[in-house]
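Notes follow once the structure below has been shown.
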Amino acid sequence: LSRINSSTSRTPRIAVALLLIVLIAGGIMGTAMYKNVTIDVDGELKTVATMRTSVEGILQEQGYDPSGGDLVQPAPGAGIGDGETITFHRLKTLTVNVDGSPREIKTNATTVEQALAQVNLVSDSIEIEGPTTDQLPVSGGLVNVVLPKKVHLTDGSEKVTKDIAA
(Lines give C-alpha, C1' and ligand atoms only; values in the text may rest on other atoms or scores of the structure.)
Protein backbone atom coordinates (compact mmCIF):
# COMPACT_ATOMS: atom_id res chain seq x y z
CA LEU A 1 0.00 0.00 0.00
CA SER A 2 1.44 3.37 -0.91
CA ARG A 3 0.43 6.78 0.50
CA ILE A 4 -1.06 9.40 -1.76
CA ASN A 5 0.49 12.19 0.29
CA SER A 6 3.86 11.46 1.77
CA SER A 7 3.78 14.55 4.00
CA THR A 8 4.10 13.94 7.74
CA SER A 9 3.09 17.47 8.73
CA ARG A 10 0.72 17.84 11.70
CA THR A 11 -0.86 21.07 10.43
CA PRO A 12 -3.39 19.43 8.05
CA ARG A 13 -4.37 16.90 10.73
CA ILE A 14 -4.87 19.63 13.32
CA ALA A 15 -6.92 21.69 10.82
CA VAL A 16 -9.20 18.71 10.06
CA ALA A 17 -9.58 17.97 13.78
CA LEU A 18 -10.53 21.61 14.53
CA LEU A 19 -13.01 21.62 11.66
CA LEU A 20 -14.70 18.50 13.03
CA ILE A 21 -14.84 20.00 16.53
CA VAL A 22 -16.47 23.18 15.17
CA LEU A 23 -19.05 21.16 13.21
CA ILE A 24 -19.92 18.98 16.21
CA ALA A 25 -20.17 22.01 18.54
CA GLY A 26 -22.39 23.82 16.03
CA GLY A 27 -24.72 20.83 15.79
CA ILE A 28 -24.97 20.58 19.55
CA MET A 29 -25.68 24.33 19.88
CA GLY A 30 -28.32 24.20 17.14
CA THR A 31 -30.06 21.31 18.84
CA ALA A 32 -29.91 23.04 22.23
CA MET A 33 -31.32 26.35 20.90
CA TYR A 34 -34.20 24.81 18.91
CA LYS A 35 -37.55 25.28 20.65
CA ASN A 36 -41.30 25.16 20.06
CA VAL A 37 -43.14 28.22 21.36
CA THR A 38 -46.85 29.07 21.41
CA ILE A 39 -47.81 32.65 20.55
CA ASP A 40 -51.21 33.98 21.68
CA VAL A 41 -51.92 36.75 19.15
CA ASP A 42 -55.14 38.52 20.15
CA GLY A 43 -56.65 35.26 21.37
CA GLU A 44 -55.52 33.07 18.48
CA LEU A 45 -52.90 30.46 19.39
CA LYS A 46 -50.09 29.70 16.98
CA THR A 47 -47.23 27.24 17.59
CA VAL A 48 -43.89 28.06 15.98
CA ALA A 49 -40.48 26.42 15.87
CA THR A 50 -37.58 28.82 16.35
CA MET A 51 -33.97 29.23 17.37
CA ARG A 52 -34.46 32.84 18.57
CA THR A 53 -33.67 33.44 22.22
CA SER A 54 -35.82 36.48 23.07
CA VAL A 55 -39.55 37.25 22.97
CA GLU A 56 -38.87 40.27 20.76
CA GLY A 57 -36.81 38.19 18.32
CA ILE A 58 -39.53 35.56 18.01
CA LEU A 59 -42.27 38.16 17.44
CA GLN A 60 -40.17 39.91 14.78
CA GLU A 61 -39.40 36.59 13.13
CA GLN A 62 -43.16 35.98 12.85
CA GLY A 63 -43.82 39.45 11.42
CA TYR A 64 -45.20 41.15 14.53
CA ASP A 65 -43.97 44.57 15.64
CA PRO A 66 -45.31 45.49 19.09
CA SER A 67 -45.98 49.18 19.59
CA GLY A 68 -46.89 51.38 22.54
CA GLY A 69 -49.90 50.10 24.44
CA ASP A 70 -49.64 46.53 23.15
CA LEU A 71 -49.58 43.82 25.80
CA VAL A 72 -46.52 41.56 25.49
CA GLN A 73 -45.82 38.92 28.14
CA PRO A 74 -43.15 37.99 29.03
CA ALA A 75 -41.40 41.32 28.38
CA PRO A 76 -39.93 41.74 24.87
CA GLY A 77 -36.33 41.52 26.09
CA ALA A 78 -36.93 38.40 28.17
CA GLY A 79 -35.58 35.01 27.24
CA ILE A 80 -37.92 32.18 26.32
CA GLY A 81 -37.65 28.41 26.63
CA ASP A 82 -39.08 25.39 24.89
CA GLY A 83 -42.82 24.93 25.41
CA GLU A 84 -43.46 28.44 26.78
CA THR A 85 -46.22 30.81 25.64
CA ILE A 86 -45.87 34.41 24.48
CA THR A 87 -48.94 36.64 24.86
CA PHE A 88 -49.25 39.45 22.30
CA HIS A 89 -52.51 41.42 22.49
CA ARG A 90 -52.59 44.58 20.40
CA LEU A 91 -54.15 47.80 21.68
CA LYS A 92 -57.64 48.30 20.24
CA THR A 93 -60.08 51.19 20.36
CA LEU A 94 -63.67 50.18 21.07
CA THR A 95 -66.51 52.69 20.78
CA VAL A 96 -69.23 51.90 23.31
CA ASN A 97 -72.62 53.58 22.99
CA VAL A 98 -74.02 53.52 26.51
CA ASP A 99 -77.69 54.48 26.28
CA GLY A 100 -76.87 56.47 23.14
CA SER A 101 -73.83 58.29 24.55
CA PRO A 102 -70.64 57.20 22.77
CA ARG A 103 -67.38 56.73 24.64
CA GLU A 104 -64.09 55.26 23.50
CA ILE A 105 -62.17 52.71 25.50
CA LYS A 106 -58.64 51.52 24.80
CA THR A 107 -58.17 47.85 25.54
CA ASN A 108 -55.96 44.82 25.02
CA ALA A 109 -58.97 42.54 25.49
CA THR A 110 -59.61 39.86 22.90
CA THR A 111 -63.42 39.81 23.16
CA VAL A 112 -66.15 42.41 23.57
CA GLU A 113 -67.12 40.81 26.88
CA GLN A 114 -63.58 41.21 28.27
CA ALA A 115 -63.39 44.83 27.09
CA LEU A 116 -66.75 45.70 28.69
CA ALA A 117 -65.73 43.94 31.92
CA GLN A 118 -62.70 46.25 32.16
CA VAL A 119 -65.08 49.23 32.40
CA ASN A 120 -67.69 47.45 34.59
CA LEU A 121 -70.32 47.10 31.86
CA VAL A 122 -71.07 43.40 32.25
CA SER A 123 -74.09 42.26 34.21
CA ASP A 124 -77.16 40.10 33.68
CA SER A 125 -79.32 43.23 33.71
CA ILE A 126 -77.24 45.07 31.06
CA GLU A 127 -78.31 44.51 27.47
CA ILE A 128 -75.53 44.28 24.90
CA GLU A 129 -76.30 44.22 21.18
CA GLY A 130 -74.43 41.52 19.28
CA PRO A 131 -72.25 38.61 20.33
CA THR A 132 -69.97 39.34 23.26
CA THR A 133 -67.70 36.31 22.99
CA ASP A 134 -66.59 36.93 19.40
CA GLN A 135 -63.00 38.01 18.87
CA LEU A 136 -62.54 41.77 18.94
CA PRO A 137 -60.97 42.98 15.66
CA VAL A 138 -57.64 44.79 15.82
CA SER A 139 -59.33 47.77 14.16
CA GLY A 140 -61.70 47.98 17.14
CA GLY A 141 -65.44 48.20 16.78
CA LEU A 142 -68.75 49.60 17.95
CA VAL A 143 -70.95 48.14 20.69
CA ASN A 144 -74.33 49.33 21.86
CA VAL A 145 -75.07 48.91 25.56
CA VAL A 146 -78.40 49.55 27.28
CA LEU A 147 -78.23 50.05 31.05
CA PRO A 148 -81.08 48.99 33.33
CA LYS A 149 -83.61 51.62 34.39
CA LYS A 150 -86.05 51.67 37.23
CA VAL A 151 -89.58 51.10 35.99
CA HIS A 152 -92.55 51.66 38.25
CA LEU A 153 -95.55 49.48 37.50
CA THR A 154 -98.95 50.07 39.01
CA ASP A 155 -101.63 47.37 38.82
CA GLY A 156 -104.63 48.59 40.70
CA SER A 157 -103.41 49.27 44.20
CA GLU A 158 -100.23 47.19 43.85
CA LYS A 159 -97.05 49.08 42.93
CA VAL A 160 -93.92 47.28 41.75
CA THR A 161 -90.49 48.73 40.92
CA LYS A 162 -88.15 46.72 38.68
CA ASP A 163 -84.81 47.32 36.99
CA ILE A 164 -84.97 46.45 33.31
CA ALA A 165 -82.85 47.30 30.29
CA ALA A 166 -84.87 49.83 28.34
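- Distance CD/Glu56 to OG1/Thr53: 10.5 Å, rounded to 0.5 Å.
- Contact check for Ile126 versus Val146: no side-chain heavy atoms found under the 4.5 Å cut-off.
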Evaluate the side-chain hydrogen bond (donor to acceptor under 3.5 Å, both in side chains) criterion for residues Thr111 and Gln135: first the C-alpha distance (whole Å), next the side-chain angles of each, then the deciding distance (0.1 Å), finally the verdict.
-> CA-CA 5 Å; Thr111 65; Gln135 187 169 346; over 6 Å; no

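- Under the 4.0 Å criterion applied to side-chain N and carboxylate O atoms, Lys92 and Asp42 are assigned as salt-bridge partners.
- For the pair Ile105/Val96, a side-chain contact is recorded, criterion being any heavy-atom separation below 4.5 Å from C-beta on.
- A distance of 13.0 Å separates OH in Tyr64 from CD1 in Ile58, rounded to the nearest 0.5 Å.
- Tracing side-chain contacts under 4.5 Å through hydrophobic residues (I, L, V, M, F, W, Y), one reaches Val48 starting from Val41; they form part of the same cluster.
- To the nearest 0.5 angstrom, Asn108 atom CG is 11.0 Å from Arg90 atom CZ.
- Cluster membership check: Leu147 shares its hydrophobic cluster with Leu94, using side-chain heavy-atom separations under 4.5 Å among Ile, Leu, Val, Met, Phe, Trp and Tyr.
- Rounded to the nearest 0.5 angstrom, Arg13 CZ and Leu18 CG are separated by 14.5 Å.
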Working for side chain to side chain contact (heavy atoms under 4.5 Å, CB included), residues Thr95 and Arg103 = CA-CA 6 Å; Thr95 302; Arg103 81 183 214 204; over 6 Å; no

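- Here the CD atom belonging to Glu61 is positioned 10.0 Å from the OG atom belonging to Ser54, to the nearest 0.5 angstrom.
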Gln114/Thr110 under side-chain hydrogen bond (donor to acceptor under 3.5 Å, both in side chains): CA gap, chis, key distance, verdict | CA-CA 7 Å; Gln114 291 171 351; Thr110 58; 2.8 Å; yes

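- For the pair Pro66 and Leu59, the minimum side-chain heavy-atom distance is below 4.5 Å.
- Residues Leu71 and Phe88 have side chains not in contact (no heavy-atom distance under 4.5 Å, counting atoms from C-beta outward).
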Kindly determine whether Thr50 and Val37 satisfy side chain to side chain contact (heavy atoms under 4.5 Å, CB included), including the steps that lead there.
-> CA-CA 8 Å; Thr50 185; Val37 178; 4.2 Å; yes

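- You'll find the side chain of Gln62 reaches within 4.5 Å of the side chain of Lys46, heavy atoms only.
- The residue from Val119, Leu91, Leu136 that alone fulfils the side chain to side chain contact (heavy atoms under 4.5 Å, CB included) condition with Thr107 is Leu136.
- Ile80 places a side-chain heavy atom less than 4.5 Å from the side chain of Ile86.
- Hydrophobic cluster membership differs between Leu116 and Val138, with clusters built from Ile, Leu, Val, Met, Phe, Trp and Tyr side chains linked at under 4.5 angstrom.
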Passes side chain to side chain contact (heavy atoms under 4.5 Å, CB included), Asn97 versus Leu142? Steps please.
-> CA-CA 7 Å; Asn97 280 330; Leu142 172 69; 3.5 Å; yes

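- Side chains of Ile128 and Val143 form a contact here, defined as non-hydrogen atoms less than 4.5 Å apart.
- For the atom pair CD of Glu84 and CG of Asn36, the computed distance is 12.5 Å after rounding to the nearest 0.5 Å.
- The environment of Met51 atom CE is dense: over 12 non-hydrogen atoms of other residues, nucleotides or ligands sit within 6.0 angstrom.
- Considering all non-hydrogen atoms of both residues, Gln118 and Ala109 come closest at NE2-CB, 4.1 Å.
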